[in-house]
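Read through the structure below, which is laid out as structure tokens, and then see the notes.
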Amino acid sequence: MAVIGITDEGETEDMGVARLNLDDQEYEFPVIVGSEGEVAIQSHALRSLTGAITLDPGYGNTGSCRSAITFIDGEQGILRYRGYPIEQLAEEASFVEVCYLLIYGELPNEEELEDFRARLRRHTLIHEDMKKFFEAYPPTAHPMAILSSMISSLATFYSEEEDVDLHVVRLIAKLPTIASFSYKKSIGQPFVYPQNDLGYAENFLNMMFSVPCEDYEPPPVLARALNMLLILHADHEQNCSTSTVRMVGSSGASLFAAISAGIDALSGPLHGGANQQVIEMLEAIRDSGDDFSEFVGRAKDRNDPFRLMGFGHRVYKNFDPRASILKGAADEVLAELGVDDPLLEIARSLEDVALRDQFFVDRKLYPNVDFYSGIIYRAMGLPTNMFTVMFALGRLPGWLAHWKEMSVDPDNRINRPRQIYTGAGARDYLPLADR
Ligand code: CMC
């Protein structure tokens, strides 16, 4: 029976050691404290000292790295990028500024920002040969699958020998082009090339919604909403897709391979794919005329795999600050656009019902970032299957920042977890005829 005790000398850098008693032997492990007082027991020597490993399915309690990019306090509902509160960035910053902040560590001054924007503008086009790839996908292909394959394909156009910063800029500049091309392909319209005199959000909206036969000017309200949504998604420390990027990168695979893997991880319904699922769930509630009792009842039924999509979070046990911002923004954006979407009312009522239900109260399940974002994307005219692509556009700078941090971290080793084997013992192979 093992007992872990942390010394009670206070929350400081010299916090001391954690003592582990295993089979009547005592072992000591160093304790480290992060800049916001988070405590970790350094356990990498555990196996060599004791022969035992830690078992933590889903890594709910395992720190995989030290990181100076994003701080989350899930109990207090705090989220900060490089120290800046998410509320201030969402209200005042541009997405390009936030990209710079996450990747390079500080907010840019005017000159640095202009230089960064100029570098992005230089790389918005994709190689003309890549357009041929789009022709081969079936019309029903999910844009997340296309996005991931196209990013993986970038590795065939650009050499690994080139400067990593150039790849970073290429990815931020090209992702909107690839995302919008996959949408245009799915609706059978001609691709719209990037227009470099437009801002990041305006250029993306132009590539998505303009057609050669009509004038189109990206509405400022849409550009502002998109800017805010992308900032809210820009980083979230060691989530499933970001950890995937770091894990793939830890093997020395190319940046394009790591980002492509991150996109695939994000596509799952428990992660970024939830924003699409939320809208589909709200539509199902609307179509069934349910007063929420059936859907909430199913979410509480332990024998039913159904969950309330857009609810719950591994880290937030209070509210998700991004969801609070989005709830207010949904009202404003829909009002400004003159959109009256019954799904917004259904979402608000569902939130009220769930937050008063003991099942959700006991488990501290609150709306997460995906609960209200889909309603705004819908009002902006984006098709449901593009919602997770929007999440990927937003999350890209976070992935890039983590990849860069990982690649220069002296503690970085190839990621290689252990396991507890529960299979058959050693046995002899039997030829087919004897089985
Ligand atoms: N509806 C109903 N019950 C839930 C839900 C939900 N949405 N989320 C968690 N629970 C229950 C779960 O069944 C478990 O109950 P019990 O203790 O009785 O077994 C308890 O709450 C704890 O859940 P968990 O699955 O152990 O929590 P987790 O940290 O492993 O999973 C989660 C986190 C986000 C995957 C989960 O809450 C979930 O599936 N939510 C719905 C999908 C979703 O909205 N995902 C987006 C997450 S935020 C953006 C992002 O990360 O991309």
Side-chain angles (χ1 to χ4, degrees), residues 55-62 70 72 74-75 77 79 86 144 147 229-246 261-282 284-285 290 292-327 347 350-377 384 387-399 402:
L55 183 63
D56 180 20
Y59 309 129
N61 202 38
T62 296
T70 287
I72 300 177
E75 275 72 36
L79 169 60
I86 190 65
M144 278 298 270
L147 190 67
L229 281 154
L230 295 174
I231 290 173
L232 292 180
H233 284 104
D235 193 40
H236 216 233
E237 50 116 304
Q238 309 309 316
N239 56 88
C240 176
S241 56
T242 304
S243 300
T244 298
V245 168
R246 290 186 86 122
I263 292 169
D264 287 329
L266 185 73
S267 70
L270 298 185
H271 194 8
N275 57 14
Q276 173 173 344
Q277 304 274 325
V278 169
I279 293 298
E280 287 166 2
M281 175 186 75
L282 295 174
I285 293 175
D290 180 34
F292 307 112
S293 49
E294 182 197 330
F295 280 80
V296 171
R298 284 188 61 198
K300 289 163 31 173
D301 181 354
R302 306 301 54 213
N303 299 315
D304 188 330
F306 176 78
R307 289 185 162 203
L308 277 195
M309 299 313 285
F311 260 79
H313 200 276
R314 172 64 61 79
V315 178
Y316 293 118
K317 299 300 167 199
N318 189 320
F319 61 95
D320 178 338
R322 303 166 302 172
S324 307
I325 297 171
L326 285 170
K327 187 178 179 185
L350 177 59
E351 179 186 345
D352 280 351
V353 170
L355 292 186
R356 276 186 277 113
D357 192 298
Q358 207 51 44
F359 175 94
F360 291 86
V361 174
D362 287 348
R363 290 167 181 75
K364 301 189 168 127
L365 301 172
Y366 293 86
N368 59 47
V369 68
D370 292 320
F371 195 64
Y372 285 104
S373 60
I375 289 172
I376 306 182
Y377 287 135
T384 314
F387 292 0
T388 314
V389 171
M390 306 309 297
F391 196 150
L393 285 186
R395 185 54 55 89
L396 178 65
W399 290 334
H402 282 273

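Just the heavy atoms: all of them, side chains too, but no hydrogens, waters or symmetry mates, feed the values below. Just so you know, ligand 1 is whichever comes first in the structure, and atom 1 is the first atom listed for that ligand.
- Considering Asn368, Asn239, Leu266 only, the shortest heavy-atom separation from atom 47 (C) of ligand 1 involves Asn368.
- Using a 4.0 Å heavy-atom cutoff, Phe371 is absent from the residues neighbouring ligand 1.
- When each atom of ligand 1 is checked for a heavy atom of Gly310 under 4.0 Å away, the hits are 43 (C), 44 (O).
- Ligand-side atoms of ligand 1 in range of Ala274: 43 (C), 44 (O), 45 (N), 46 (C), range being under 4.0 angstrom from any heavy atom.
- From Leu393, atom CG reaches atom CG of Leu229 across 11.0 Å, with rounding to the nearest 0.5 Å.
- His236 meets the ring pair (Phe, Tyr, Trp, His ring centres under 6.0 Å) test with His313, Tyr316; sequence neighbours excluded.
- The minimum heavy-atom distance between Ala392 and Leu147, with the atom names listed, is CB-CD2, 4.0 Å.
- Note that the CG atom of Leu308 and the CZ atom of Phe360 stand 4.0 Å from one another [nearest 0.5 Å].
- Heavy atoms of Gly58 stay at 4.0 angstrom or farther from ligand 1.
- Atoms of ligand 1 lying under 4.0 Å from at least one heavy atom of Arg302, given by number and element, are 13 (O), 15 (O), 16 (P), 18 (O), 19 (O).
- For ligand 1 and Val369, the ligand atoms under 4.0 Å from any heavy atom of the residue are 49 (C).
- A side-chain donor-acceptor contact under 3.5 Å links Thr70 and Asp235.
- Among Arg307, Arg322, His236, the residue whose heavy atom lies nearest to atom 6 (C) of ligand 1 is Arg307.
- Near Gly272, the atoms of ligand 1 lying under 4.0 angstrom from a non-hydrogen atom of the residue are 52 (O).
- Assignment of Phe359 to the shell around ligand 1 is supported, since a heavy atom sits closer than 4.0 Å.
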